[in-house]
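Please read the structure below before turning to the comments.
Nothing here was measured: the structure is a model prediction, and the numbers come from that model. Order of the sequence lines fixes the chain letters, A, B, ..., with proteins taken first and strands second; residue numbering starts at 1 for each chain.
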Amino acid sequence: MKIKSELSKIIEKALNSANIKAKEIVISDATKSEFGDYQFNGVMRLAKELKRNPREIALEVVEHIDTTGMVSKVEVAGPGFINIWLNNEWLAEVTTDILDDKRVGVGFVEKPKRVVVDYSGPNMAKQMHVGHLRSTIIGDTLATLLEFLGDEVIRQNHIGDWGTQFGMLIAYLEEQNTDGNTQELKDLEQFYKDAKVRFDQSEEFANKAREYVVKIQSGHKHCLELWQSFIDASLGHCEEVYEKLNVNLTRDDVRAESFYNEQLSKILESLKEKNISTTSNGAECVFLEGDENPIIVQKSDGGFLYATTDLAALYFRANILKAKRICYVVDARQAQHFKQVFTIAKIAGLVGEDVSLEHIGFGTMMDKGGKPFKTRDGGVIKLVDLLDEAVVRAKDAIKDRDVHSKEELDAVAKAIGIGAVKYADLSISRESNYIFNWDKMLSFEGNTSLYMQYAYARIQSILRKYNAEVNGKIIIGDEIEHRLAVMILKFEDTLVKSAIEATPHTITSYLYDLVTVFMKFYELNPILRDDIEEEIKISRLQLATLTGAVIKKGLEILGIEVVDKI
RNA sequence: GCACUCAUAGCUCAGCUGGAUAGAGCAACGGUUUGCGGUACCGUAGGUCAGGGGUUCGAAUCCCUUUGAGUGUACCA
């Protein structure tokens, strides 16, 4: 339910009736429950323009507000706030209506767009490490969310499969004669290190590696085959991680760096033609106003750099894929790079004016001491290891819980462990750095996935215990049920906000608030006790069912599973 | 050097298109169970929103400045 826009309409109507013109009507959540459910604060601004007393205007507006349907009560408070209460009958009706709705009352965006979401982007030369976690899960959430709201989403996994290091790797691969065998390449990190050692030690090998770089890039058959087998094996590792992470990225979403290789010279030509780039110190550069250093689009030795590849990718996404919104879910440290690339793409006409280019930046994962997250000896932490540890720890956290068969326990531990890692990450506003803490993320308390999953499991437990079909409507009987119903209906506004700002933590905060209200409701209002009237019992069961459905859907968008029993 | 980001309770974080007495969780202290999962719920205490100035009827939020932390800055991605 798009509550805010519905309320805006009601206010707009009232303003019209009162003969007051307003440009924009912004409805905000009430800051306190005693101030109602929502509030309209725009009167104060209007008062200034109209040079009138704000309270006077507010009273006038309030008089014209329709309180026969959605809104039950309005009042003017303070200097001119208009507080709005939603009607219980209306809430009951609307929540009852969405009981059978798979989308739990969430509609579609009015104007669906084609959106490219670029995320994950692992480097094929190395194993995925914790640094890839954020891009992968924030991007995946954004993609799932936009899709759910009705946009047409094209996922793009811009994997790093091109560059000088691959000469070294395939030369080593050939020498080891492993043929891209996944078994042999199990530890990519080690493979890379070994290759590097060989590279540094043997002049002969180093020359061969350099030779191979040229050979791949010029399309030499044997080298390309070796390269391809290496990429396949490496991608296989990534897919294992995606599987564990419950992330929706497949081979169809892969559009590697090498894919753009052939386009690079065309991009360069077009930049030269339009006099956007110039030669400086032998390199082809773009000098942007306000930047002291240029963006190099071609090295002095003729090689291309990532800025050129990104320009080619932007061109492809805007013109071939025809996206109207392109989101790059990449580390915040690359903000400057994207700002520059976006600017060049726009002035060079590589993407249309109407295409929105967004760098969805995120901060770094830190350890308890506030330093970048590393292993004890300073190495990178492999993502697979981190995820496996999460599942082990989850199993430990639930060992005294409800009875499970061995299979059930494994499944539950996976849902909880992986969910905890993802939720902990997604619940932090994405631009800031965050501190990784196992104990905190695997706690039943506070804003954690386990708290949500626990609430969900309790709801399922009630429904199991009732053990009959729940059929009947919702009645809003008291304050807490009112608050719960409002929270349930806020789901859509929350998702829309999260989609526009590309902020998964908007969803987690909402879910936490929802669950908190539900837990209060659960404490205050007994559901299955014998002396509860059937009609009320059904209504409360329905509210619980609906809450469960929203939790499930919300977590699903975050790529986190729920379980019926913990 | 220049540019960007950040600074909110002891800790971890929300709140930032300006709105009422700045909110959660953890940790501390106290309370609630014949009621459906108590790993729950309720309460107490804890704040100069880094410092200073400005704009405004109104600033954690916008602008300027100081301090502190981080990041990026010509041929890696």
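- Judged by a 6.0 Å distance limit and a 45° cone about the ring axis, Lys490(A) is positioned over the six-membered ring of Tyr38(A).
- In this structure, Lys368(A) does not reach the rC11(B) phosphate: none of its side-chain N or O atoms is under 4.0 Å from OP1 or OP2.
- Going from atom CZ of Arg430(A) over to atom P of rA14(B) covers 12 Å, rounded to whole Å.
- When rounded to the nearest whole Å, the span between NZ of Lys440(A) and C1' of rA14(B) equals 11 Å.
- Out of rG23(B), rG25(B), rA74(B), the shortest distance to the side chain of Lys32(A) is found at rG23(B).
- Nearest to the side-chain atoms of Gln336(A) among the listed nucleotides rA20(B), rG72(B), rC57(B) stands rG72(B).
- Nearest to the side-chain atoms of Arg529(A) among the listed nucleotides rG38(B), rC13(B), rG35(B) stands rG35(B).
- Ala332(A) comes within contact range of no nucleotide atom at all, as no heavy-atom separation falls under 4.0 Å.
- Here rA24(B) sits opposite rU12(B) as a Watson-Crick or G-U wobble pair (both hydrogen-bonding atom distances under 3.5 Å).
- Checked against the 6.0 Å centroid threshold, Tyr328(A) and Phe342(A) count as a close aromatic pair.
- Heavy atoms of Ile527(A) sit under 4.0 angstrom from at least one base atom.
- Looking at the side chain of Ser429(A), the nearest of the listed nucleotides rA14(B), rC13(B), rG38(B) is rA14(B).
- Among the nucleotides rA14(B), rC75(B), rU12(B), the one closest to the side chain of Ser509(A) is rA14(B).
- If you check every strand for non-hydrogen atoms under 4.0 Å, Asn525(A) touches a base.
- Using a 4.0 Å heavy-atom cutoff across all strands shown, Lys565(A) reaches at least one base atom of the nucleic acid.
- Using a 4.0 Å heavy-atom distance criterion, Ala283(A) is classed as a base contact.
- Between rG15(B) and His505(A), a contact under 4.0 Å exists linking OP1 or OP2 to a side-chain N or O.
- Side-chain proximity of Tyr306(A) to the nucleotides rA77(B), rG19(B), rA14(B) is greatest for rA77(B).
- Contact annotation: Ser432(A) side-chain N/O to rA14(B) OP1/OP2 distance is under 4.0 Å.
- Distance alone, capped at 3.5 Å, places no donor-acceptor pair between the Ser120(A) side chain and the Thr136(A) backbone.
- Listed nucleotides rA77(B), rC36(B), rC41(B) differ in distance to Tyr451(A); the shortest reach to its side chain belongs to rC41(B).
- Contact annotation: Arg45(A) does not reach the phosphate of rC57(B) (side-chain N/O to OP1 or OP2, under 4.0 Å).
- One finds no side-chain N or O of Ser300(A) lying less than 4.0 angstrom from the OP1 or OP2 phosphate oxygen of rC75(B).
- For Lys520(A), whose side chain is taken as the heavy atoms from C-beta onward, the closest listed nucleotide among rG72(B), rC41(B), rG19(B) is rC41(B).
- Here rG19(B) is the nucleotide among rA40(B), rC36(B), rG19(B) with the atom lying nearest to any side-chain atom of Pro79(A).
- Asp161(A) comes within 4.0 angstrom of no nucleic acid atom, judged by non-hydrogen atoms across all strands.
- When the nucleotides rA40(B), rC36(B), rU73(B) are ranked by their closest atom to the side chain of Ile462(A), rC36(B) comes out on top.
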